[in-house]
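Both backbone and side-chain heavy atoms feed into the values below; hydrogens, waters and symmetry mates do not.
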Amino acid sequence: MKYSSLILLAIFMVNTAIAQTIEVCKTCPINNVKKAISQAKDFDTIIIKKGTYKEHAIVIDKPLTIIGKNYPVIDGESKGEIIIIKADNVTVDGLFIINVGTSYTEDYAAIRVRNSKNFVIQNLVLEKLFFGIYIEKSRDGKIYHNKIIGDAVKEYNSGNGIQLWYSKNIQIEHNYVEHVRDGIYLEFSDGCLIKNNTSTLNVRYGLHFMFSNDDIYQDNTFENNGAGVAVMFSKRIKMYNNLFKENWGTASYGMLLKEINDAEIIGNTFEDNTIGINIEGSNRIIYKHNNFSNNGWAIKVKGACYTNTFTENNFLYNSFDIAYNSNVNDNVFDKNYWSNYTGYDLDKNGVGDVPYRPVKLFSYIVNRTPETIILLRSMFIDIIDFSEKVSPVFTPDNLLDNNPLIKKITW
């Protein structure tokens, strides 16, 4: 095994040592990208100089590095897919790619990576696209510092900005995505890192992933998307220090959790969303050090959610902190700060002496009859909430924060 690894390393070093550089420009002997690829040898570098190159269906079928100087334009003329990577060890860097074809039967992309590994896609600008970057049955790749700007208006005739399908160990970092269907979409893709991306103004979700396990989402911004972020049918997800903001509308939320188990949601900010987190069928999740600020509902728990813990979170000026559609509770709320808490702290230990009941009867009523929301600020609502607080009938009597904090938590 050691000898074979050494042989492969030696072959790689020899190939890279004798690699050539090929220049592409309008006045060069090679004046288009396809011709440069056909003449290149393994591990060569192709330099594309400034200009507009009207090409599509560019197939990269050998290990190459393709670098654009001063952002040359690759114009697909809306004829279909533009760049298809089918080899390992390919880098595409510094191109401006426009005019991807639109189809109702084919998912045309500006760049598609198929059955490849060790690829790098970086510093690209993609505009006038259907799908942006589509990773299919590939692994160990990096998608860095790309700008993806679509012009999507409806879901049915638009694609996603960055899409992963049956892929593993992909790093997606420092990308900006807007005006597509879903900003970032993962399906059957495990062990991926999605970090420091901005996904905004998209028709549907800023982030959407399904059947994808052991992924990390960290330091991303998901703002002003049609429905927010959807996290579905996945295990062992870690979501750290993300911002979910201004995802507002009748069917919007900062984040939807559906059938998610054994996850960590820590250090995130949910601000100005219709619903901060909408939870259904999700278990054994740790919610800690999150800020829920100025949302309609901070958290809506719909059912079949067990053994979750909510500790040391800030609930700040939400219309409703917690909504529950059941009178049975198996979740723990402890040591959170609630801006609506009106208790006291006589021993000055920073913990309220009276438990806080975050579920109001009125939130229960609105869940069943949404039209009653118009009564939100009326005195009648204060009376029925007080009566439920004194003697819970419709809301879980054990859903209490027994140690509500007196001061907002900072970390």
Side-chain angles (χ1 to χ4, degrees), residues 32-35 37-38 48 52-61 66 68 71-87 90 92 95-116 119 121 124-139 141 143 146-167 170 172 175-189 192 197 199-212 225-227 230 232:
N32 67 75
V33 180
K34 287 183 179 178
K35 186 176 179 181
I37 293 170
S38 69
I48 306 174
T52 298
Y53 302 85
K54 295 186 176 182
E55 302 183 55
H56 74 287
I58 300 168
V59 178
I60 304 173
D61 55 1
I66 298 178
Y71 279 94
V73 175
I74 311 297
D75 183 351
E77 300 183 284
S78 300
K79 293 181 179 179
E81 213 136 65
I82 297 180
I83 294 177
I84 304 101
I85 297 172
K86 293 184 175 181
V90 171
V92 179
L95 303 177
F96 194 138
I97 303 175
I98 62 171
N99 292 326
V100 178
T102 299
S103 170
Y104 295 99
T105 58
E106 301 285 341
D107 293 339
Y108 290 142
I111 290 193
R112 181 181 295 272
V113 180
R114 181 179 292 148
N115 296 306
S116 303
F119 61 87
I121 299 171
L124 305 183
V125 177
L126 311 180
E127 293 186 5
K128 297 181 181 178
L129 50 89
F130 189 42
F131 283 75
I133 299 170
Y134 198 123
I135 312 299
E136 175 186 342
K137 294 185 177 180
S138 299
R139 60 178 301 143
I143 303 171
N146 302 290
K147 189 173 185 179
I148 303 171
I149 301 177
D151 50 10
V153 177
K154 301 291 185 181
E155 287 185 29
Y156 70 88
N157 63 351
S158 59
N160 303 323
I162 299 172
Q163 173 148 340
L164 273 60
W165 187 68
Y166 277 102
S167 296
I170 310 297
I172 302 173
N175 299 282
Y176 178 88
V177 187
E178 71 168 46
H179 283 117
V180 293
R181 183 173 61 198
D182 294 342
I184 302 171
Y185 179 91
L186 278 73
E187 190 170 6
F188 301 106
S189 295
C192 298
N197 302 283
S199 182
T200 183
L201 299 170
N202 297 298
V203 172
R204 189 169 61 179
Y205 300 120
L207 166 69
H208 184 192
F209 70 95
M210 305 172 66
F211 309 107
S212 299
N225 295 293
M232 308 169 75

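- Contact check for His56 versus Glu77: no side-chain heavy atoms found under the 4.5 Å cut-off.
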Go through Gln163 and Tyr134 one step at a time and tell me if the side-chain hydrogen bond (donor to acceptor under 3.5 Å, both in side chains) criterion holds. CA-CA 5 Å; Gln163 173 148 340; Tyr134 198 123; 3.2 Å; yes
If you look only at distance, which donor and acceptor atoms sit under 3.5 Å apart when one is on a side chain in residues 205-212 and the other is two or more places apart or in another chain?
unit_1, atom_1, unit_2, atom_2, d
His208, ND1, Asp182, OD2, 3.0
Ser212, OG, Phe188, N, 3.2
Ser212, OG, Ser189, N, 3.1
Ser212, OG, Ser189, O, 3.3
Ser212, OG, Met210, O, 2.9

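- Within the 3.5 Å criterion, the main-chain N or O of Gly159 finds no donor-acceptor partner in the side chain of Asp107.
- For the pair Ile143 and Asn175, the tightest heavy-atom approach, listed with the atom from each and the gap, is O-ND2, 3.0 Å.
- The shortest distance between side-chain heavy atoms of Pro72 and Leu95 falls below 4.5 Å.
- Ile58 pairs by the side chain to side chain contact (heavy atoms under 4.5 Å, CB included) definition with Val33, Lys34, Ile37, Glu55, Ile74, Ile83, not counting sequence neighbours.
- Every residue meeting the side chain to side chain contact (heavy atoms under 4.5 Å, CB included) condition with Thr52, not counting sequence neighbours, appears here in chain and number order: Lys54, Val73, Asp75.
- Side-chain contact between Val100 and Leu126: absent, with no pair of heavy atoms (C-beta onward) separated by less than 4.5 Å.
- Remark: the backbone N or O of Asn202 is paired with a side-chain donor or acceptor of Asn225 at under 3.5 angstrom.
- Of the possible donor and acceptor atoms, one in the side chain of Asn146 sits under 3.5 Å from a partner among the backbone N and O of Leu124.
- Ser116 places a side-chain N or O within donor-acceptor distance of the main-chain N or O of Ala87, the cut-off being under 3.5 Å.
- Using a 4.5 Å heavy-atom threshold, the side chains of Glu81 and Phe131 count as separate.
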